[in-house]
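Working notes, beginning with the structure itself.
The model shown is predicted, which means the values in this text are computed figures rather than measured ones. All values below come from the heavy atoms of this structure, side chains included, with hydrogens, waters and symmetry mates left out.
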Amino acid sequence: MRLNAVIMVILAAFGGMMVACQTKQQTEEIVVSDEMFEGDEHNAVTSLDFMGTYEGVLPCADCEGIQTVIELGVGNSYVKKVTYLGKENSEVIETQGTFSWNDEGNTITLDSEPAPNQYFVGENVLFHLDMDGNRITGDLADKYRLNKK
């Protein structure tokens, strides 16, 4: 009789531990309304982490290339540093200012720079655009990109 009582106590304790060890699952009600998606346009401004430093060597007609670094910061600010490679006494030319977005939210214009001053914003890349704001095509197209560091 005493053995049965011990077994019953052990089983009861084991059962109690099993119930106590179970995790309680909490369910949260997720409310999704149409208001969350109104005016939701996916573009570089809203979808990409565009702020940061971009660099590359752009083609140059009378030098080895233009080492270009553009840092996009808060408040639509930028700092641009260019060095004309292969030129005597080539020094870093630094400019800064603000940039603006086009209506589609995929292209920035460096407001304080002379044309061509537009860049198409992609995932971790800026594509330097031509004088009319178009992507450069042809054999050198890949040379007109600045990669995010």
Distance-only check: which donor-acceptor pairs under 3.5 Å involve side-chain atoms of residues 50-65, not counting sequence neighbours?
unit_1: Tyr54; atom_1: OH; unit_2: Phe50; atom_2: O; d: 2.5
unit_1: Asp62; atom_1: OD2; unit_2: Lys87; atom_2: NZ; d: 3.2

First locate atom [atom1] of [X], then atom [atom2] of [Y], and finally report the distance between them rounded to the nearest 0.5 Å.
{"X": "Asn76", "Y": "Asp111", "atom1": "CG", "atom2": "CG", "answer": "8.5 Å"}
{"X": "Asn117", "Y": "Met131", "atom1": "CG", "atom2": "CE", "answer": "8.5 Å"}
{"X": "Asn124", "Y": "Lys149", "atom1": "CG", "atom2": "NZ", "answer": "14.0 Å"}
{"X": "Lys148", "Y": "Glu71", "atom1": "NZ", "atom2": "CD", "answer": "11.0 Å"}

For Val121, the option from Leu126, Asn102, Asn106 that meets side chain to side chain contact (heavy atoms under 4.5 Å, CB included):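 Only one of Leu126, Asn102, Asn106 forms a side chain to side chain contact (heavy atoms under 4.5 Å, CB included) with Val121, namely Leu126.
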
Could you walk me through whether Ile70 and Leu110 pass side-chain contact (heavy atoms from CB on, under 4.5 Å), step by step? CA-CA 10 Å; Ile70 296 176; Leu110 304 182; 4.1 Å; yes

Look at atom OH of Tyr84 and say whether more than 12 heavy atoms of other residues, nucleotides or ligands are closer to it than 6.0 Å.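 Counting neighbours around OH of Tyr84, 12 or fewer heavy atoms of other residues, nucleotides or ligands fall under 6.0 Å, so no.
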
Residues, nucleotides or ligands: over 12 heavy atoms within 6.0 Å of Lys81 NZ: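 Atom NZ in Lys81 is not packed in, count stays at 12 or less.
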
Let me check something: do [X] and [Y] share a hydrophobic cluster, defined by ILVMFWY side-chain heavy atoms less than 4.5 Å apart, either directly or through other members?
{"X": "Val74", "Y": "Val79", "answer": "no"}
{"X": "Phe120", "Y": "Ile136", "answer": "no"}
{"X": "Trp101", "Y": "Leu146", "answer": "yes"}
{"X": "Phe99", "Y": "Leu129", "answer": "no"}

Does [X] use its side chain to pair, donor to acceptor, with the backbone of [Y] at less than 3.5 Å?
{"X": "Lys80", "Y": "Glu113", "value": "no"}
{"X": "Thr68", "Y": "Ile66", "value": "yes"}
{"X": "Asp130", "Y": "Asp132", "value": "yes"}

Indicate the atoms forming the closest heavy-atom contact of Gly97 with Ser112, along with that distance.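 Taking every non-hydrogen atom into account, CA-OG, 4.0 Å.
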
